[in-house]
Number of protein chains: 2
Amino acid sequence: MTEKTQAEALADAGGGRRSERSRAAILAAARERFAADGYERATIRAIAADAAIDPAMVMRYFGNKEKLFAAAAEFDLRLPDLSALPPDEAGAALINHFLNRWEDDESLKALLRASVTNPVAADRMRELFAGQLGPMIARLTDPADAGTIATRAGLVATQALGFALCRYVLELEPIAALTRTEAVAWLSPTITRYLTGTP
Amino acid sequence: MTEKTQAEALADAGGGRRSERSRAAILAAARERFAADGYERATIRAIAADAAIDPAMVMRYFGNKEKLFAAAAEFDLRLPDLSALPPDEAGAALINHFLNRWEDDESLKALLRASVTNPVAADRMRELFAGQLGPMIARLTDPADAGTIATRAGLVATQALGFALCRYVLELEPIAALTRTEAVAWLSPTITRYLTGTP
DNA sequence: TTCCCAAGTCAACACTTGTTGACCTACGGT
DNA sequence: ACCGTAGGTCAACAAGTGTTGACTTGGGAA
């Protein structure tokens, strides 16, 4: 009864496969495991167990572990357009958005944990900052300084990733205990200078 | 007991006992592999092969993989005393020292790569910044602001580790291509503010 | 009803890992 | 000379990995 409705809805949703629910369960479990354990310690068997699904199904749906990771670590920074803001508020807005994004999607944690040992993940990380942050910064930057855009994006990446590494992965105190307000207060000037300042 | 005395005596003897050479070779290979591959991808067999030594010898000398890592990732930041410098030069000096330290000892890279998935490594990383950077900052800080020392150390860690992550591990361009001078110029104001400034 | 086929299960594969214990071997003290 | 032992070799172990292929099941179409 209920199942029929689900099946129909699911059939509509995807390209025709009826097992979207299993696929979604695997993906959710994979995100969790990759985020918690990193690429090599997260095993297909553990992911399958979390999703209450046979390990063979994981292979059926995603081909192999690397493709599963690629699907689980798909991520978009969803950067807002900050060009409307006064320059001295852009830094605070950006770091705030970044922390939000970090906290409500485990994919970023999975990506960071994996990117340290997995080339594919590292590539995606690079593309995230070069391909998404760069263009956003371009809209804030005086065309005369266009040559500095990539550097600015990179510098923002160093501070943003470093903070996330210490706060969410290493759980280094007292960084992990900082309130959101404190964190933003300390980081904003740094980000702002990287966005629009000079060395 | 007896073994150590003998080993030392033999090492002192002049010829260089093979066991000490083996031990050193294993450690060097381990540092290299852990730095390049991270904890789980660096295998005892690969390390032994690099050192041209039987895998069983690695176990004989270091007990198990975790202890080998602990020995290979022993590290000291060797922080200089910056309290003699004018406050606005301390940031530049510190980041310069940090980059030097990073570049001439692979242990830090090994530690960072491993600390993302290995609890022991993460612990050592935390202790590095809390136990070594903290005390150094204390000497720069007005006793009235003693309560901010740990936070300052943590913030410096976020920027320093984030930069190292992007430059040496992720090899994110254009951060990896920055000259030392450029890097120091961009980071110094950030570090200086974390050391002595306010949000 | 019968039949088909995708979804799901099971057991095994080939391989790699850390780790162990039995076995050599060369050399310094006696 | 001998012999004990530290240093080194070899092969195997048990556990765990990603991955595969043959089998079973259930629900919708005929």
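Every chain is numbered from 1 and lettered A, B, ... according to where its sequence line falls, protein lines coming before strand lines.
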> Between atom CE in Met59(A) and atom P in dG8(C), what is the gap in whole Å?
Replying inline: 16 Å

> Which residue pairs satisfy the side-chain hydrogen bond (donor to acceptor under 3.5 Å, both in side chains) criterion with at least one member in residues 131-142 of chain A, sequence neighbours excluded?
Replying inline: Asp81(A)-Arg139(A)

> Could you run down nucleotides 12-17 of chain D 5' to 3' and tag each one B, S or - for protein heavy-atom contact under 4.0 Å?
Replying inline: B----B

> In the single-linkage hydrophobic clustering (I, L, V, M, F, W, Y; side-chain heavy atoms under 4.5 Å), do Val120(A) and Tyr39(A) co-cluster?
Replying inline: no

> Who pairs with Ala157(A) by side chain to side chain contact (heavy atoms under 4.5 Å, CB included), at least two apart in sequence or on another chain?
Replying inline: Phe129(A), Cys166(B), Leu172(B)

> With Arg193(B), which residues qualify under side chain to side chain contact (heavy atoms under 4.5 Å, CB included), at least two apart?
Replying inline: Trp186(A), Pro189(A), Thr190(A)

> Considering heavy-atom distances to DNA chain D, does Pro55(A) or Arg60(A) have its closest nucleotide positioned more toward the 5' end?
Replying inline: Pro55(A)

> Are Leu94(A) and Val156(A) close enough that some pair of their side-chain heavy atoms sits under 4.5 Å apart?
Replying inline: yes

> For the pair made of CG in Asn64(B) and P in dT19(C), what is the distance, rounded to whole Å?
Replying inline: 5 Å

>> Run the side chain to side chain donor-acceptor pair (under 3.5 Å) test against Ser107(A) and tell me which residues pass, sequence neighbours left out.
In response: Asp105(A)

>> Test: side-chain hydrogen bond (donor to acceptor under 3.5 Å, both in side chains). Region: residues 68-79 of chain A. Which pairs qualify, not counting sequence neighbours?
In response: none

> For the helix from dT1(C)-dA30(D) to dT30(C)-dA1(D), how many degrees between its two end axes (five pairs per end), to the nearest 10°?
Replying inline: 10°

> Quick one: Met57(A) CE to dT20(D) P, roughly how many Å, whole number?
Replying inline: 13 Å

> What's the CD1-C1' distance between Ile47(A) and dG18(D), to the nearest Å?
Replying inline: 11 Å

> Listed by chain and number, what are the side chain to side chain contact (heavy atoms under 4.5 Å, CB included) partners of Asp50(B), not counting sequence neighbours?
Replying inline: Ala29(B), Arg33(B)

>> So, does Ser22(A) get its side chain near the phosphate of dA7(C), meaning an N or O under 4.0 Å from OP1 or OP2?
In response: no

>> Just the rounded figure in Å: distance from P of dG8(C) to CZ of Arg23(A).
In response: 13 Å

>> Below the 4.0 Å mark, does dG8(C) have OP1 or OP2 next to a side-chain nitrogen or oxygen of Tyr61(A)?
In response: yes

> What's the CZ-P distance between Phe62(B) and dT19(C), to the nearest Å?
Replying inline: 14 Å

> In whole angstroms, how far is the C1' atom of dA22(C) from the CG atom of Asp54(B)?
Replying inline: 13 Å

> Taking only residues two or more places apart in sequence, or in another chain, which ones meet Glu32(B) in a side chain to side chain contact (heavy atoms under 4.5 Å, CB included)?
Replying inline: Glu106(B)

